Chemist: 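A single structure is presented below for examination.
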Amino acid sequence: MSDGLTRFIIIILYLASLLFLGFFASKLFRGTKKDYMLASNSIGPFLLLMSIFGTTMTAFALVGSSGEAWKEGIGVYGMLASSSGIIHSLCFFLIGVKLWALGRRFGYTTQIQYFRDRLQSDWIGVLLFPILVGLIIPYLLIGVMAGGTVMNQMTDGAFGEPKRNPPKFENLSEKATEISGIYKNAKLALDAENEEEVEKYLGEAKAKIIALHDGNLPGAPVPQNALPKWMGSLLICGVVLIYVFYGGMRGTAWANAFQTIVFMILGVVTFVYLSYAIGGQKDKGLFENLKAATAKVTPETKLKSQIGVWGKVAKDSASDDKGVAIKANVLAKKLKPVAELKEFQTRKQMSFLKFVTYMFIPLSVGMFPHLFQHWLTAKDANSFKISVIFHPIFIMIVWVPCVLIGIWGTTTGYAGSPNGILVFLVKTQTGAILGGFLSAGILAAIMSSLDSQFLCIGTMFTTDIVNHYAPGKYSDKQQLWIARAFIIGIVAVTYCLSLLSISSVFALGVWCFSGFSALFPLVVASVYWKRLTTAGGYACVIVAATSWIAFFYLATQTGSIRTYTVNFGEYQTMPVVWMILASTVSMVVVSLMTPPMDEKHLERFFPTKKVN
Amino acid sequence: MKNVVWGLVILLIILHQDFWFWENDYAVFGFIPMGLFYHAMISVGAGITWYLATVFAWPEGVDNVQPEYVEAEDKK
């Protein structure tokens with residue numbers, strides 16, 4: 001059996017187990033709308049921790065973290081993970097618990113229901129609904145596309161041996177000797193701390209390698225006889241839809257908990273396995289291999305490995321043994337030039353101000369509609385405690401190994417996009433069985449976010465549009481079917497968008513989060529600031545949306561939405577800071593300029609403390 | 001104690017901006033770069049701080065919340 005087929009079977013078994021779990025959860029379904037959307041507020045501490053963590057950790061947790069580390073170095077942990085550990089728990093603690101209590105008292109199911117009541121305005125819902133759904137769709141798109149790509153990559157050769165003619169380079173030995181020599185010169189320049197010379201030699205080597213490939217950069221081979229991306233995405237959407245349909249929120253919470261355990265365990269197992277594979281000290285223990293793998297990441301060792309590998313290509317391609325010569329040609333086809341000698345184990349190339357201002361992005365969790373819904377499922381306020389405490393620790397358990405894997409990946413000559421590094425390493429450095437399980441782990445991280453988002457979108461449509469404008473017209477059962485139909489509609493739109501192969505979809509992730517963060521002042525003020533008025537709420541939402549559109553437009557004009565920053569001379573800041581500032585200032589100014597809300601209404605949300 | 005907890009949260013946010021380890025390439029235990037190890041410890045510190053927050057700064061009035069609305073759900 002081929003490796004691709006083995007991995008495919010493991011993935012299918014994993015998906016089947018999820019369907020079984022959804023079926024099991026459906027047996028506990030009480031048939032009411034409240035049970036479908038909020039699991040009848042019965043979720044205890046452990047399930048809440050696992051489902052909230054699984055929901056906030058998207059495909060980005062495994063695929064993106066290793067990819068960003070491969071591209072930018074270890075700084076991504078501080079920028080994205082440790083900041084989230086502080087800020088996410090802060091949001092759960094300050095916002096989640098309070099909203100849960102208000103939801104329990106007044107019977108909310110969605111964010112919009114809460115804002116309509118708190119701001120005493122029907123139109124705030126009309127304004128928020130398209131914004132929230134519009135921000136969720138790219139978020140869904142990331143998961144659907146990532147799922148299809150992982151399935152496609154990992155099932156390479158599952159349905160027949162890939163037919164790839166072995167490459168044949170002219171005078172390879174001679175050219176490889178030349179390239180190895182250039183890297184030797186680069187190493188000498190590096191030793192002499194002559195950065196200009198290093199750059200010059202790296203440029204020369206790159207030009208030689210491109211010339212070897214007839215003017216192209218070497219790339220990873222395209223999977224053949226594999227599950228097509230469109231089918232992979234369809235399969236992921238189908239499985240998630242089925243267990244969300246039958247299990248509702250309870251099924252989603254159970255599936256999230258299961259998937260979170262799966263991707264956490266498999267993440268650690270993969271880390272250990274890859275440390276042996278990349279460390280290369282087969283006869284030594286884990287600790288020695290960890291040290292050896294990290295030691296390879298320095299610019300010196302990176303150049304040394306290039307000198308060595310091109311030297312080997314030069315020697316082997318001149319061999320009389322045909323098999324050895326073919327292998328040397330295959331190896332040469334994969335070798336990518338060293339673009340620059342980044343210090344991946346420090347943050348030398350990272351802007352400090354960008355790092356600082358990135359901390360505003362995790363505030364987005366305070367406004368995620370799917371997280372709001374998860375908060376409301378809690379059995380009691382105490383259920384939140386475990387989530388608040390363990391969320392940062394869980395982030396560390398998942399992210400630290402992935403970041404190390406990412407920087408180790410810089411030593412392997414990988415040539416594809418950043419998000420493909422983990423899949424590449426698993427495919428090339430581990431066995432088929434572990435590869436299959438890890439693929440399941442990556443899919444688990446993807447699906448544990450998709451399910452909550454699917455359910456949330458259906459809930460919002462039923463509650464905030466259908467039931468709000470036609471109260472009592474539809475029975476619970478009819479509302480469930482309306483929710484399901486709307487979910488199918490949104491998933492169909494997302495799926496069709498995924499077929500367009502939008503290359504910068506991962507870049508949209510940061511923009512999605514920035515949009516939710518720009519709305520964060522509204523939720524904080526609604527919970528803690530009595531002086532917030534309806535007009536102030538509108539000002540916040542409108543300014544958040546317009547500032548987001550303005551910055552996004554500016555980013556598209558620069559041609560780089562992924563790396564766009566607002567610069568002041570050499571200082572780089574994330575646009576999210578300015579969005580939050582603009583929405584906060586407008587909310588505060590307009591609230592103070594308009595009459596306060598009715599005291600009797602405010603008493604519901606800010607009850608006067610009784611003195612004994 | 002409540003103020004100490006909030007002081008710790010602010011301290012964590014300040015400690016997070018570690019320009020002092022920006023270019024430090026020392027590998028802790030021989031394999032974790034200092035910048036990564038330090039931030040992993042920030043995550044552990046966050047877990048401890050949030051534990052203290054749940055003990056000493058838990059919001060009032062959330063433990064015995066009763067519904068103030070009438071359930072209008074169709075039964076199965």
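So you know, we letter chains A, B, ... as the sequences are listed, proteins then strands, and number each from 1. None of the values given here were measured: they were computed from a predicted structure.
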Chemist: Out of A:Met350, A:Gln479, A:His391, which one racks up the most heavy-atom pairs below 4.5 Å with chain B?
Modeler: A:Met350
Chemist: In terms of heavy-atom proximity below 4.5 Å to chain B, should A:Phe287 be classed as side chain, backbone, both, or neither?
Modeler: side chain
Chemist: Measuring heavy-atom distances to chain A, does B:Phe29 have an atom under 4.5 Å in its side chain, in its backbone, in both, or in neither?
Modeler: both
Chemist: Between B:Gly30, B:Gly45, B:Gly61, who has the most heavy-atom pairs with chain A when the cutoff is under 4.5 Å?
Modeler: B:Gly30
Chemist: Is it true that a side-chain atom of A:Gln113 and a backbone atom of A:Thr109 form a donor plus acceptor pair closer than 3.5 Å?
Modeler: yes
Chemist: For A:Glu343, what residues pass the side chain to side chain contact (heavy atoms under 4.5 Å, CB included) criterion, not counting sequence neighbours?
Modeler: A:Pro299, A:Gln345, A:Thr346, A:Lys348, A:Gln349
Chemist: Is it the side chain or the backbone of B:Gln17 that comes within 4.5 Å of chain A heavy atoms, both, or neither?
Modeler: both
Chemist: Would you mind telling me which of A:Leu90, A:Ile395, A:Val400 has the largest number of heavy-atom pairs within less than 4.5 Å of chain B?
Modeler: A:Leu90
Chemist: With a 4.5 angstrom heavy-atom cut-off, could you sort out which part of A:Val356 is near chain B: side chain, backbone, both or neither?
Modeler: both
Chemist: Parallel, tilted or perpendicular: which one describes the rings of A:Phe355 and B:His16, with boundaries at 30° and 60°?
Modeler: parallel
Chemist: Side chain to side chain donor-acceptor pair (under 3.5 Å) for A:Tyr77 and A:Ser65? Distances and angles first, verdict last.
Modeler: CA-CA 8 Å; A:Tyr77 184 85; A:Ser65 58; over 6 Å; no
Chemist: Any donor and acceptor pair, going by atom type alone, linking the side chain of A:Trp100 with main-chain N or O of A:Ala378 inside 3.5 Å?
Modeler: yes
Chemist: Among all residues two or more places apart in sequence or in another chain, which pass the salt bridge (Lys or Arg N to Asp or Glu O under 4.0 Å) test with A:Arg104?
Modeler: none
Chemist: Which region of A:Asn382, side chain (C-beta onward) or backbone (N, CA, C, O), has a non-hydrogen atom less than 4.5 Å from a non-hydrogen atom of chain B, or is it both or neither?
Modeler: both
Chemist: Measuring heavy-atom distances to chain A, does B:Phe21 have an atom under 4.5 Å in its side chain, in its backbone, in both, or in neither?
Modeler: both
Chemist: Between B:Thr49, B:Leu52, B:Leu12, B:Asp18, which shows the greatest number of heavy-atom pairs under 4.5 Å with chain A?
Modeler: B:Asp18
Chemist: What residue in B:Val65, B:Asp25, B:Asn64 has the most heavy-atom pairs under 4.5 Å with chain A?
Modeler: B:Val65
Chemist: Is a donor on one side and an acceptor on the other found under 3.5 Å between the side chain of A:Ser89 and the backbone of A:Val388?
Modeler: yes
Chemist: Using non-hydrogen atoms and a 4.5 Å limit, figure out which bit of A:Ile407 sits close to chain B: side chain, backbone, both or neither.
Modeler: side chain
Chemist: Side chain, backbone, both or neither: which part of A:Phe106 has an atom under 4.5 Å from a heavy atom of chain B?
Modeler: both
Chemist: Indicate whether the side chain of A:Asp117 and that of A:Tyr108 have a donor and an acceptor atom separated by less than 3.5 Å.
Modeler: yes
Chemist: Among A:Arg105, A:Arg604, A:Lys98, single out the residue with the greatest number of heavy-atom pairs under 4.5 Å to chain B.
Modeler: A:Arg105
Chemist: Let me know if A:Ile86 has heavy atoms under 4.5 Å from chain B in its side chain, its backbone, both or neither.
Modeler: both
Chemist: Check each atom of A:Ser83 against the heavy atoms of chain B and say whether the ones under 4.5 Å are side chain, backbone, both or neither.
Modeler: both
Chemist: Can you tell which of B:Ala27, B:Pro67, B:Pro59 has the highest number of heavy-atom pairs within less than 4.5 Å of chain A?
Modeler: B:Pro67
Chemist: Tell me, side chain or backbone of A:Trp399 under 4.5 Å from chain B's heavy atoms, or both, or neither?
Modeler: neither
Chemist: Using atom types as modelled and distance alone, determine if a side-chain donor or acceptor of B:Asn24 lies under 3.5 Å from a backbone N or O of B:Tyr26.
Modeler: yes
Chemist: Is there a donor-acceptor contact under 3.5 Å from the side chain of A:Lys296 to the main chain of A:Ile278?
Modeler: yes
Chemist: Quick one: does any side-chain atom of A:Thr294 pair with a main-chain N or O of A:Lys291 as donor and acceptor, under 3.5 Å?
Modeler: no
